[in-house]
*Asks:* 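Before I ask anything, let me first share the structure, which is written out below as structure tokens.
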Amino acid sequence: MRLALVLLLFLCHCVHATETVNDVTGMNPIEVAQVLAPTELEQIVEAVRGHSGPIAIGGGRYSMGGQTATEQALQLDMRRFNQVLEFSAERREIRVQAGITWREILEHIDPHGLSPQIMQSYANFTVGGALSVNAHGRYVGQGPLVLGVRSLRLVLADGQVVDASPTHNAELFYGAIGGYGGLGVIVEATLPLVENSKLVRQTQLMPLSDYAQFFASQVRGNPDMVMHNGILYTDDYDSVRAVSYLRTDAPLTVTERLVPLDRDYKTMRAALAVASSNGGAKVRESVVDPLLLKRPQVQWRNHEASLDVRELQPISGPDYSYVLQEYFVPEAQLAPFVAGMKAVLKAHKVKVANISIRHAKADPGTLLAWAREDTFALVIYYRQGVSPSERAAVGDWTRQLIDLAIAHQGSYYLPYQIHASRKQFLAAYPRAEEFFALKKRVDPTNKFRNKLWDAYYLQPSGQTAAASDL
């Protein structure tokens with residue numbers, strides 16, 4: 001077996017010993033024992049079966065708190081495991097290897113007039129990574145990515161390859177999606193597709209107090225509404241710009257079918273820099289966004305789906321990083337949660353660049369569901385310093401916001417910095433103990449690890465992520 005594993009590593013081409021891996025923030029360097037970049041399923045199976053130590057799984061590395069690595073692990077870099085395995089335009093279905101990016105899927109299906117049913121806002125992520133965090137986007141009447149997956153294939157800790165769907169090995173299906181690589185390696189996914197229609201962008205400025213009713217009457221039940229989000233302006237936290245994308249037969253104003261790979265993002269980056277400066281939120285609300293959004297825009301659905309994270313770069317530098325946090329609250333709790341969030345963010349002088357309001361339907365049953373009922377999501381994009389004291393300060397106000405979300409019957413999102421105490425994690429994810437019990441059965445030696453599960457799995461009941469990890 002040892003000889004077979006050595007041969008396997010040789011055949012995988014990209015094998016690097018004692019390498020430091022990081023994520024998009026640049027704040028989480030982790031020294032791993034080895035990086036393996038497989039291209040064939042058999043390579044993954046043999047590596048998992050033959051490796052006795054910890055294994056961590058990475059895709060695009062857009063998580064922001066070490067969710068793709070742990071110290072001295074065998075790091076599976078899935079980005080070269082990226083083939084389309086089966087595609088049927090008639091069935092509107094595609095089966096792919098988990099390392100493929102959504103951009104690569106879009107390039108494959110766009111000539112056939114098809115689009116993913118659900119995906120996150122940026123197309124750079126891998127499918128496996130998006131499934132592992134149970135991502136969501138701006139699709140109206142949709143929600144967590146689990147709603148847009150027909151089946152998975154997993155490699156478990158003993159090397160066994162299993163198929164899972166909502167009706168077959170359902171516990172694994174609902175555990176692996178949103179399970180952050182804790183149960184096994186997601187190696188394949190079968191995804192439903194929908195029509196790639198033309199969309200017209202419409203915007204409307206309104207008080208926050210009107211937004212929930214606007215969403216209920218104008219967005220939720222509108223059969224032509226495809227994508228929607230709100231921009232919450234952070235000068236006073238009481239104004240929202242609704243941005244909607246509706247099906248249309250109007251002529252295109254954007255002729256490219258996908259966002260060009262060489263697109264220039266200077267204007268977008270300048271707008272974000274303004275937004276995160278002192279007084280920038282008011283300038284954005286009254287000047288920048290009206291200029292950027294004043295004309296109706298007609299484009300293909302896939303064009304909006306193919307947004308590139310390069311529009312946000314540079315995301316990090318020697319003394320700063322732009323970072324995400326996200327909080328989920330039931331629909332009726334939106335306004336009171338925002339009032340509390342405003343108090344916390346202003347008290348700590350957080351340099352907020354953008355807050356987007358999304359909506360998600362209830363999760364159908366993942367063990368680590370962040371939307372246990374129909375939910376509004378608040379996605380906070382902000383700039384922070386990276387010194388130990390600055391990171392500790394972020395941890396303080398992050399835990400305050402987590403407590404606030406829990407107090408409003410909500411939750412927080414797990415792909416970001418691991419500041420929550422274990423008590424907070426268990427309160428926000430009440431089925432976590434079921435997930436841990438499943439992990440104990442299918443991964444009894446705790447082979448699949450990363451910094452998220454190092455913080456919350458098998459920790460003493462009083463231990464916190466803040467105390468143990470940050």
*Asks:* Evaluate the side-chain proximity of Phe448 to Lys439: yes if any heavy-atom separation is below 4.5 Å, no if none is.
*Replies:* yes
*Asks:* To the nearest 0.5 Å, how far apart are CD1 in Ile55 and CG in Asn450?
*Replies:* 12.5 Å
*Asks:* Would the distance check show the side chain of Tyr413 and the main-chain N or O of Val133 forming a donor-acceptor pair, the cut-off being under 3.5 Å?
*Replies:* yes
*Asks:* Verify the distance criterion only: is there a donor paired with an acceptor across the side chains of Gln34 and His51 at less than 3.5 Å?
*Replies:* no
*Asks:* Could you state the interatomic distance from CG (Leu414) to CD (Glu326), rounded to the nearest 0.5 Å?
*Replies:* 10.5 Å
*Asks:* Rounded to the nearest 0.5 Å, what separation is found between the CD atom of Gln325 and the CD1 atom of Ile355?
*Replies:* 10.5 Å
*Asks:* Does the side chain of Ser115 pick up a donor-acceptor pair with the side chain of Asn302 at under 3.5 Å?
*Replies:* yes
*Asks:* Is it the case that Thr398 and Gln417 place a side-chain donor and acceptor less than 3.5 Å from each other?
*Replies:* no
*Asks:* Would you indicate whether the side-chain heavy atoms of Phe215 and Phe376 approach each other to under 4.5 Å?
*Replies:* yes
*Asks:* With distance as the sole test, does Asn134 use its side chain to make a donor-acceptor pair with the main-chain N or O of Val146 at under 3.5 Å?
*Replies:* yes
*Asks:* Find the distance between CD (Gln97) and CD1 (Ile100) and round it off to the nearest 0.5 Å.
*Replies:* 8.0 Å
*Asks:* Just by distance, no angles: are the side chains of Glu331 and His359 close enough, under 3.5 Å, to form a donor-acceptor pair?
*Replies:* yes
*Asks:* I'd like to know if the side chain of Asp289 and the backbone of Leu292 have a donor-acceptor N/O pair within less than 3.5 Å.
*Replies:* no
*Asks:* When rounded to the nearest 0.5 angstrom, what distance separates CD in Glu304 from CZ in Arg138?
*Replies:* 4.0 Å
*Asks:* For residues Tyr245 and Gln299, is any side-chain donor paired with an opposing acceptor at under 3.5 Å?
*Replies:* no
*Asks:* Is a donor on one side and an acceptor on the other found under 3.5 Å between the side chain of Ser306 and the backbone of Val259?
*Replies:* yes
*Asks:* Are the side chains of Trp453 and Leu458 in contact, using a 4.5 Å heavy-atom criterion?
*Replies:* no
*Asks:* Report yes or no: does Lys447 contribute a side-chain atom to a donor-acceptor pair with the main-chain N or O of Gly184 at less than 3.5 Å?
*Replies:* no
*Asks:* Please determine whether the number of non-hydrogen atoms from other residues, nucleotides or ligands lying under 6.0 Å from atom CG of Asn278 exceeds 12.
*Replies:* no
*Asks:* Would you check if Phe337 and Leu334 make a side-chain contact, meaning some heavy-atom pair closer than 4.5 Å?
*Replies:* no
*Asks:* Is Arg310 positioned over the aromatic face of Tyr265, cation under 6.0 angstrom from the ring centre and no more than 45 degrees off axis?
*Replies:* no
*Asks:* So Val329 and Leu378, do their side chains get closer than 4.5 Å, heavy atoms only?
*Replies:* yes
*Asks:* Do Ser356 and Arg358 meet the criterion of a side-chain donor-acceptor pair at a distance under 3.5 Å?
*Replies:* yes
*Asks:* In Å, rounded to the nearest 0.5 Å, how long is the span from NE2 of His303 to CG of Leu258?
*Replies:* 7.5 Å
*Asks:* Given Ile177 and Leu145, is the side-chain contact (heavy atoms from CB on, under 4.5 Å) satisfied, shown in steps?
*Replies:* CA-CA 8 Å; Ile177 297 179; Leu145 183 56; 5.6 Å; no
*Asks:* State whether a side-chain donor-acceptor pair under 3.5 Å links Ser63 with Thr68.
*Replies:* no
*Asks:* Would you call Met225 and Ser244 a side-chain contact if the rule is heavy atoms closer than 4.5 Å?
*Replies:* yes
*Asks:* Please work out which of the three classes, parallel, tilted or perpendicular, describes the rings of Phe87 and His108, given edges at 30° and 60°.
*Replies:* perpendicular
